[in-house]
There are 2 protein chains.
Amino acid sequence: MLVPVDALKGHLDLVLLAALAEGPAHGYALIDEIRDRSDGAFDLAEGTVYPVLYRLESGGLLTSSWTVAGRRRRRMYRLTKRGRTELAKERGEWKQFSETMKAVVA
Amino acid sequence: MLVPVDALKGHLDLVLLAALAEGPAHGYALIDEIRDRSDGAFDLAEGTVYPVLYRLESGGLLTSSWTVAGRRRRRMYRLTKRGRTELAKERGEWKQFSETMKAVVA
DNA sequence: CAAAGATACCTAGAACTTCTAGGTATTGCA
DNA sequence: TGCAATACCTAGAAGTTCTAGGTATCTTTG
């Protein structure tokens with residue numbers, strides 16, 4: 001939220017898919033999860049995350065459903081089979097990409 | 001040219017600065033250099049590279065001058081002092097970023 | 001108990017980068 | 001001679017992320 005993460009451009013899908021790999025979660029919790037995993041470095045704005053989740057869902061990589069706790073509504077997202085496949089693919093691509101960057105930039 | 005490199009989004013400046021680190025070069029040669037260093041993976045379109053070079057120059061990170069070989073004109077780019085500083089900074093940021101990605105995505 | 005802050009969702013439009021798809025001109029090679 | 005490679009350039013499209021708002025509920029604190 002406070003610190004935008006421009007470097008993530010193009011890799012945000014991967015980050016969100018990875019954050020969902022261990023089980024369903026709702027948007028706000030994903031932001032926390034990613035902030036924790038990155039030790040505070042990836043501090044995503046809600047306005048960044050929600051549209052990406054919709055895009056991933058409309059692409060068939062996620063499904064969502066509303067859950068209610070008291071009067072509090074949450075939209076839970078979970079990976080589809082295709083989403084899991086895509087995650088594996090993007091992890092591989094990231095690995096490739098970061099190794100290439102090392103070679104190019106070093 | 002043939003294979004766009006979307007993953008580079010946000011890191012192209014670094015790649016170009018790094019390609020210029022070992023000495024001046026012109027745009028077309030930079031594209032070759034980057035393709036070689038990346039073993040063919042980063043195959044940039046000219047229409048991608050030239051505007052970035054202008055942006056870097058207008059930001060004071062590069063200077064350029066025309067050279068002529070026969071009737072062939074080439075615009076040679078070289079890093080400025082500020083460009084070199086920026087390169088060091090961006091290399092550090094990349095390292096940080098890629099380590100964070102490893103933690104988040106793994 | 002009132003106010004503030006955290007939780008949780010959402011959206012429209014701006015900003016920015018990169019890509020697409022052209023264009024020109026010179027040089028070398030078949 | 002014609003084609004590919006070299007070498008530059010540009011306008012506009014496309015796409016992602018950010019900014020800057022908005023609503024509502026729940027919890028903590030003064």
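All values below come from the heavy atoms of this structure, side chains included, with hydrogens, waters and symmetry mates left out.
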Peer 1: Base, sugar-phosphate alone, or nothing: which one does A:G47 contact when heavy atoms must sit under 4.0 Å apart?
Peer 2: base
Peer 1: Find the distance A:H11:NE2 to D:dG15:C1' and express it as a whole number of Å.
Peer 2: 14 Å
Peer 1: Does B:K89 pair with B:E86 as a salt bridge, N-O distance under 4.0 Å?
Peer 2: yes
Peer 1: Compare the minimum distances between each of C:dT11, D:dC8, D:dC18 and the side chain of A:Y54, then state the nucleotide with the smallest one.
Peer 2: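 The answer is C:dT11, which lies nearest to the side chain.
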Peer 1: What pairs with A:R55 under salt bridge (charged side-chain N to carboxylate O under 4.0 Å, His left out), at least two apart in sequence or on another chain?
Peer 2: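 Testing A:R55 for salt bridge (charged side-chain N to carboxylate O under 4.0 Å, His left out), a comparison that skips the adjacent residues, returns A:D13.
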Peer 1: Distance check: side-chain N/O of A:Y50 vs OP1/OP2 of C:dC9, anything under 4.0 Å?
Peer 2: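 So the side chain of A:Y50 is within the cut-off, an N or O lying under 4.0 Å from OP1 or OP2 of C:dC9.
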Peer 1: Taking CD from A:E46 and P from D:dT16, how many angstroms apart are they, rounded to a whole number?
Peer 2: 21 Å
Peer 1: For the side chain of A:V52, starting at C-beta, report the closest nucleotide among C:dT20, C:dC9, D:dT17.
Peer 2: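 Among the listed nucleotides, the one closest to the side chain of A:V52 is D:dT17.
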Peer 1: Output yes when at least one side-chain N/O atom of A:Y28 is less than 4.0 Å from OP1 or OP2 of C:dA6, else no.
Peer 2: no
Peer 1: Does a donor on one side chain and an acceptor on the other come within less than 3.5 Å for A:R78 and A:T63?
Peer 2: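 Not at all, the side chains of A:R78 and A:T63 share no donor-acceptor pair under 3.5 Å.
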Peer 1: Think A:R73 has a side-chain N or O under 4.0 angstrom from the OP1 or OP2 of C:dT7?
Peer 2: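 No, A:R73 has no side-chain N/O under 4.0 Å of OP1/OP2 on C:dT7.
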Peer 1: When you measure from the side chain of A:Y77, which nucleotide among D:dT17, C:dC10, D:dC9 comes out closest?
Peer 2: C:dC10
Peer 1: Starting at CG of B:L61, measure out to CG of B:L87 and round the result to the nearest 0.5 Å.
Peer 2: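 Nearest 0.5 Å value for the CG-CG distance: 10.0 Å.
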Peer 1: Output the rounded distance in Å from CG (A:L44) to C1' (C:dC9).
Peer 2: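 From A:L44 CG to C:dC9 C1': 16 Å.
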Peer 1: Rounding to a whole Å, what distance do you find between A:F42:CZ and D:dC18:C1'?
Peer 2: 16 Å
Peer 1: Any side-chain N or O of B:R55 less than 4.0 Å from the OP1 or OP2 oxygen of C:dT18?
Peer 2: yes
Peer 1: Salt-bridged, B:E99 to A:K102, with N to O below 4.0 Å?
Peer 2: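 A salt bridge is absent here (no side-chain N lies under 4.0 Å from a carboxylate O).
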Peer 1: May I ask you to check whether over 12 heavy atoms, not counting those of B:E93, lie within 6.0 Å of atom CD?
Peer 2: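 Atom CD in B:E93 is crowded, with more than 12 foreign heavy atoms closer than 6.0 Å.
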Peer 1: If the plane angle is over 60° it's perpendicular, under 30° parallel, otherwise tilted; pick one for A:F97 and B:H11.
Peer 2: tilted
Peer 1: Give me the distances for all protein-to-nucleotides 24-28 of chain D N/O pairs that come in under 3.5 Å?
Peer 2:
| residue | atom | partner | partner atom | Å |
| --- | --- | --- | --- | --- |
| D:dT25 | O2 | A:R72 | NH2 | 3.3 |
| D:dC26 | OP1 | A:R71 | N | 2.9 |
| D:dC26 | O4' | A:R72 | NH1 | 3.2 |

Peer 1: Tell me the interatomic distance from A:L53, atom CG, to D:dT17, atom C1', rounded to whole angstroms.
Peer 2: 14 Å
Peer 1: Could you pick out which residue, B:M76 or A:T48, lies toward the 5' side of DNA chain D when each is mapped onto its nearest nucleotide?
Peer 2: B:M76
Peer 1: Quick one: A:D43 CG to C:dA6 C1', roughly how many Å, whole number?
Peer 2: 14 Å
Peer 1: Nearest-Å distance, CG (A:D13) to P (D:dG15)?
Peer 2: 13 Å
Peer 1: Please give, in whole Å, the distance from D:dT16 P to B:L12 CG?
Peer 2: 18 Å
